[in-house]
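See structure below.
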Amino acid sequence: MSLRLASLLLGLALLLGGCSAPPDGQQRQFLAMGTLVEVTLFDIDPPRARRLLDEVEAEFQRLHHDWHAWEESPLVGLNRALAGGETVEVPAVLQPLLAPAIRLSAQSDGLFNPAIGRLIALWGFQADEPARRLPDPARIAAEVAARPRMSDLILEGNRIRSRNPAVQLDFGGFAKGYAVDLVVEQLRRRGVRNAIVNAGGDLRAIGRHGERPWRIGIRDPQRPGGVLARIELGGDESVFTSGDYERYFEIDGRRYHHIIDPRSGWPAEGARSVTVIHPQAATADAAATALLIADAADWPRIARQMGIRYVLRVEPDGSVEMNPAMATRVQFMRQPPPEIRLTAALTPETAP
Ligand code: ADP
Ligand code: MG
């Protein structure tokens with residue numbers, strides 16, 4: 001077993017905590033989109049569950065191929081055309097991703113920026129294993145100066161071009177969430193009421209875990225293998241975490257991780273991890289990425305713009321910052337509990 005797979009298995013087991021291997025649930029695990037996916041269905045008889053799980057697995061593998069950012073795929077073909085200044089038809093499999101990617105990028109003030117594919121490649125993260133070398137700072141600076149943005153894209157019906165040849169799309173910041181949403185919708189159409197779709201610890205849960213709500217753990221970025229807090233989920237919610245410990249390499253004791261601040265071109269230094277709860281997984285995923293990059297004083301504003309109601313950030317010193325509504329939902333497991341700071345409310349409904 002590769003080291004990466006072993007660590008993926010560890011992360012998944014940890015995050016499921018008390019709700020894995022349910023006695024009356026049907027479960028499947030497989031690798032897709034660079035992570036271990038685990039799908040659990042409740043109250044479905046085993047032969048039917050097997051068919052549904054076959055469909056779900058096939059769907060994930062199809063999306064993994066369609067959206068792949070560096071192996072030959074519809075996305076790689078589109079990126080070639082954009083770099084060449086051509087006007088082309090958006091491949092059908094990419095059409096549904098574009099509008100939400102543009103919207104979420106604008107709402108995040110461009111911190112979530114799927115147009116920075118060239119920067120992500122430069123840092124060596126468009127690879128199964130990171131390249132583990134520092135890019136030339138002059139090239140990073142040149143990429144930042146070229147200012148690739150989603151608003152550089154010009155869409156006319158199904159045709160697209162970029163007014164900026166530096167735009168290269170990489171949907172890694174929200175593709176997993178988007179895939180989770182598609183699969184949950186697919187399961188719902190088939191009549192599934194109670195299920196959890198977990199992609200490497202990021203998940204969307206619908207219905208209940210038998211007699212009780214779904215309960216999940218948030219990984220502690222300060223202690224490998226530790227659980228920071230537990231959350232109980234409502235009838236349809238997603239929980240996504242972005243962290244500096246997920247994909248990274250170290251040089252001279254410094255960590256370089258895979259979430260790049262588009263303003264500097266360097267790995268984000270905002271926080272150690274950010275956890276977001278939101279109904280839709282794609283939005284939760286993009287928001288977790290954006291809020292990890294956001295400055296300490298500014299993240300509540302970005303969260304509001306993205307329509308997010310629950311955020312928990314672990315700051316570089318290990319303390320926790322969250323909004324009051326999130327505080328009512330988390331139960332801390334770390335002993336002693338972390339130092340906690342509450343921000344102002346994110347929404348009028350949750351104002352004290
Ligand atoms: P994970 O997928 O490991 O849970 P994220 O959802 O935060 O983590 O996504 C990280 C991926 O997002 C990177 O591997 C890269 O492909 C892409 N990415 C990095 N920086 C940004 C950014 N500023 N905006 C959008 N996508 C980004
Ligand atoms: Mg993300």
Side-chain angles (χ1 to χ4, degrees), residues 4 7-8 11-12 15 32-37 63-64 67-70 75-76 79 97 100-131 140 143-144 147-150 167-181 198-204 218-219 221 238-249 256-276 278 280-294 302 306 308 311 313:
R4 173 136 173 87
S7 72
L8 289 173
L12 197 64
L15 275 143
M33 303 188 146
T35 197
L36 188 68
V37 180
L63 300 173
H64 169 80
W67 304 343
H68 211 291
W70 62 91
L75 180 61
V76 168
N79 276 336
L97 279 141
I102 291 169
R103 175 177 52 83
L104 291 163
S105 187
Q107 288 174 333
S108 72
D109 282 5
L111 297 181
F112 169 73
N113 184 353
I116 60 166
R118 287 206 324 210
L119 263 176
I120 295 163
L122 200 55
W123 277 98
F125 289 115
Q126 285 188 351
D128 291 332
E129 294 293 335
I140 297 175
E143 278 308 324
V144 172
R147 301 193 63 174
R149 285 172 296 185
M150 293 305 281
V167 168
Q168 289 287 279
L169 299 171
D170 177 319
F171 293 124
F174 91 138
K176 225 163 53 177
Y178 204 91
V180 167
D181 283 335
N198 181 336
D202 291 328
L203 54 90
R204 178 164 171 177
I218 302 173
R219 203 179 310 189
S238 306
V239 184
F240 273 67
T241 298
S242 282
D244 68 3
Y245 51 82
E246 289 182 57
R247 286 195 89 198
Y248 64 90
F249 59 90
Y256 300 92
H257 65 88
H258 69 150
I259 298 172
I260 307 299
D261 186 336
R263 300 166 299 185
S264 67
W266 286 71
E269 291 183 345
R272 304 247 13 224
S273 75
V274 173
T275 300
V276 169
H278 189 77
Q280 267 194 321
T283 302
D285 194 355
T289 302
L291 297 174
L292 188 95
I293 302 168
I302 305 281
M306 299 185 87
I308 305 296
V311 181
R313 279 204 1 162

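Order of listing sets the numbers, starting from 1, for every ligand and every atom in it. Side chains are part of it too, since the values below use all heavy atoms of this structure and drop only hydrogens, waters and symmetry mates.
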Check: Hey, which residues fall under 4.0 Å of ligand 1 on heavy atoms?
Finding: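 Shell around ligand 1 (4.0 Å, heavy atoms): Leu111, Phe112, Asn113, Pro114, Ile116, Ile120, Asp170, Gly172, Gly173, Lys176, Asp202, Ser242, Glu246, His258, Ile259, Ile260, Pro262, Asp285, Thr289, Ile293.
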Checklist line | Within the 6.0 Å centroid threshold, strictly below: Phe171 and Tyr178 | finding: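 Judged by ring-centre distance (under 6.0 Å), Phe171 and Tyr178 do not meet the cut-off.
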Next item on the list: Could you list the residues that satisfy side chain to side chain contact (heavy atoms under 4.5 Å, CB included) with Gln126, not counting sequence neighbours?
Entry: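 Expected list: Ala69, Trp70, Ile120, Ala121, Asp170.
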Margin query: Tell me if a side-chain donor or acceptor on Asp181 pairs with a main-chain N or O of Ala282 at a distance below 3.5 Å.
Written below: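 At least one qualifying donor-acceptor pair exists.
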Check: Would a distance-only check, ignoring hydrogens and angles, find a side-chain to backbone donor-acceptor pair under 3.5 Å from Asp202 to Ser238?
Finding: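 Side chain of Asp202 to backbone of Ser238, a donor-acceptor pair under 3.5 Å: no, none is there.
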Notebook entry, point to check: Do Pro100 and Phe174 touch side chain to side chain, with heavy atoms closer than 4.5 Å?
Noted result: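 Heavy-atom side-chain distance check passes, below 4.5 Å.
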Notebook entry, point to check: With a 4.5 Å heavy-atom cut-off, do Asp261 and Glu269 have their side chains touching?
Noted result: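 No, every pair of side-chain atoms sits at 4.5 Å or beyond.
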Margin query: Distance check, rounded to the nearest 0.5 Å: Phe249 atom CZ versus Glu129 atom CD?
Written below: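 Going from the CZ atom of Phe249 to the CD atom of Glu129 covers 12.5 Å.
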Next item on the list: Please round to the nearest 0.5 Å and tell me the distance separating atom CG of Asp109 and atom CD1 of Ile293.
Entry: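 One gets 11.5 Å once the value is rounded to the nearest 0.5 Å.
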Next item on the list: Return the set of residues passing salt bridge (charged side-chain N to carboxylate O under 4.0 Å, His left out) with Arg149 (not counting sequence neighbours), or none when no residue passes.
Entry: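 For Arg149 there are no salt bridge (charged side-chain N to carboxylate O under 4.0 Å, His left out) partners, ignoring immediate neighbours.
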Check: Listing by chain and number, what protein N/O/S atoms are under 2.8 Å from the Mg ion (ligand 2)?
Finding: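 Near the Mg ion (ligand 2), below 2.8 Å, one finds Gly173 O, Asp285 O, Asp285 OD1, Thr289 OG1.
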